[in-house]
2 protein chains.
Amino acid sequence: MTETSELCRLDRRKRAVVEAARALFIEQGFERTTLGDIVDRAGGSLATLYKVFGNKDGLLEAVVFEKAVSGADIIDSSVAGGGSPAQILHRIAEDLHAYFLDPEVVSLVRIVIGRSISDRDFVRRFFERTATRTQSALTTVLSVWQAEGVAMHGEPEALAEIFLDLIVSDLHAEAISHGLGLRHSSDRLRARTEFFLTGAKITDR
Amino acid sequence: MTETSELCRLDRRKRAVVEAARALFIEQGFERTTLGDIVDRAGGSLATLYKVFGNKDGLLEAVVFEKAVSGADIIDSSVAGGGSPAQILHRIAEDLHAYFLDPEVVSLVRIVIGRSISDRDFVRRFFERTATRTQSALTTVLSVWQAEGVAMHGEPEALAEIFLDLIVSDLHAEAISHGLGLRHSSDRLRARTEFFLTGAKITDR
DNA sequence: GCAAGGGTGTAATCACTATTACACCTTCGC
DNA sequence: GCGAAGGTGTAATAGTGATTACACCCTTGC
């Protein structure tokens with residue numbers, strides 16, 4: 001079987017459908033988007049969509065998990081940049097914030113929350129791949145610092161949780177309030193990271 | 001109010017419908033609850049429901065805004081209890097937390113978020129009555145303390161925001177993750193309040 | 001008691017949309 | 001070119017559920 005050509009065609013179709021679906025879900029929400037809308041936008045046919053994704057829920061799954069990236073990679077690469085704990089935390093804060101406030105991510109989160117009422121398992125899998133993993137990555141970073149002799153007040157896990165709450169809370173707020181006049185300036189972010197450093201009694205050097 | 005007799009019949013009906021609707025919305029979500037379900041549970045008739053609430057959206061509005069209490073009252077009564085700033089903040093934290101983690105409140109928030117995609121105005125009004133008002137109440141409290149000479153590091157408004165993020169973030173997490181193994185112990189709450197006091201450099205007398 | 005008007009129960013209406021079925025094309029290896 | 005395998009377009013199917021219409025039954029003020 002020379003599947004390359006087969007997969008290629010199918011794959012292109014798949015991708016086009018997922019992309020159209022994502023755009024429409026973000027724009028109008030999951031329930032309000034009809035499969036007809038999606039096919040109109042993506043081209044192709046309803047029959048193919050059903051063959052590939054099974055049903056509408058399967059399509060949502062494909063859309064969501066394509067974008068469900070954990071912040072762990074962001075944290076790791078921020079750490080790799082080197083510097084003092086304070087410098088690294090400032091960098092992590094900025095990078096995470098930028099990622100989590102990406103409008104597409106926010107919209108997807110909003111959709112996932114909406115579905116959480118009827119499908120708990122779905123939302124569990126989503127957050128295991130995103131929030132949970134991000135938190136353990138940060139916990140690890142703090143633990144390592146602690147082992148290296150960096151002074152800090154509190155358990156790494158609890159501190160990681162607090163830090164993420166301070167930084168990512170804007171994602172929650174955005175997802176919840178739909179951009180209700182939040183100011184997420186760079187200064188504000190720096191101030192919060194400083195607040196964290198003070199609260200955790202992490203002294204730079 | 002001597003109108004009891006007149007209002008009584010209609011009012012009783014109204015209340016029964018709102019109550020049934022709330023229970024069902026919380027249980028199954030807004031979209032999955034049919035007006036038939038509600039009438040079955042509340043008694044009465046579909047015709048009355050339409051006469052009183054106009055349509056399904058009107059009913060949701062009635063349900064949500066009945067429970068949309070701001071945390072401002074909670075804050076005010078915590079303050080009225082007296083004590084040092086630290087003591088008061090600990091009390092506020094506990095009371096707010098208890099209120100915001102009430103399963104009914106969490107479920108309603110989840111529903112509101114779900115609707116936010118299609119109806120921004122609705123969610124705006126909801127959060128203006130709840131979160132926004134809570135935050136200004138706390139800002140006022142901190143400002144007063146500051147004026148009275150309590151040392152603190154940072155603007156009252158920014159600090160109020162941070163405090164609420166630290167304390168109420170569990171509401172977000174609950175609403176978002178649908179109770180994905182969160183531990184919200186009393187110790188954890190106290191630790192976070194302590195963290196806040198340290199970060200804000202508020203010294204207790 | 002008794003009309004009148006509000007409340008009730010039921011049965012349409014009406015629109016919508018996921019899902020399936022099916023008969024026609026396209027592509028692609030040969 | 002050719003013949004499948006797979007893709008496409010369109011038209012059912014089918015279930016749902018908001019909304020409306022309407023004919024009945026209470027309550028209630030007289």
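In what follows, chains are A, B, ... by sequence order, proteins preceding strands, each numbered from 1.
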Problem set entry | side chain to side chain contact (heavy atoms under 4.5 Å, CB included) partner of B:V109, the single match among B:V106, B:V112, B:I111, B:I113 | B:I113
Exercise. Quick one: does NZ or CZ of A:R129 land under 6.0 Å from the six-membered ring centre of A:F65, within 45 degrees of the ring axis?
Worked result: yes
Exercise. Side chains of A:T33 and A:Q28: do they bring a donor and an acceptor to under 3.5 Å?
Worked result: yes
Taking N or O atoms only and anything under 3.5 Å, show me the protein contacts with nucleotides 17-23 of chain C, one pair per line.
unit_1, atom_1, unit_2, atom_2, d
C:dA18, OP1, A:K56, NZ, 3.0
C:dA18, OP2, A:L35, N, 2.9
C:dT19, OP2, A:Y50, OH, 3.0
C:dT19, OP2, A:K56, N, 3.2
C:dT19, O5', A:Y50, OH, 3.2

Rounded to whole Å, please give me the gap between [atom1] in [X] and [atom2] in [N].
X     : N      : atom1 : atom2 : value
A:R13 : C:dC25 : CZ    : P     : 19 Å
B:K51 : D:dT19 : NZ    : C1'   : 15 Å
A:R12 : C:dT26 : CZ    : C1'   : 13 Å
A:D37 : C:dC16 : CG    : P     : 12 Å
A:L49 : D:dG6  : CG    : C1'   : 16 Å

Problem set entry | B:R22 and B:E66 ion-paired at < 4.0 Å | yes
Seminar exercise, completed: CG of B:D119 to CZ of B:F126, rounded to nearest 0.5 Å, is 13.0 Å
For this session: With the side chain of A:T48 defined as its heavy atoms from C-beta on, choose the nearest nucleotide among C:dG7, C:dG9, D:dG7.
Result: D:dG7
Exercise. Which part of the nucleic acid does A:G43 contact within heavy-atom distance under 4.0 Å: base, sugar-phosphate only, or nothing?
Worked result: nothing
Exercise. Taking atom CD of A:E27 as the centre, does the number of heavy atoms from other residues, nucleotides or ligands within less than 6.0 Å exceed 12?
Worked result: yes
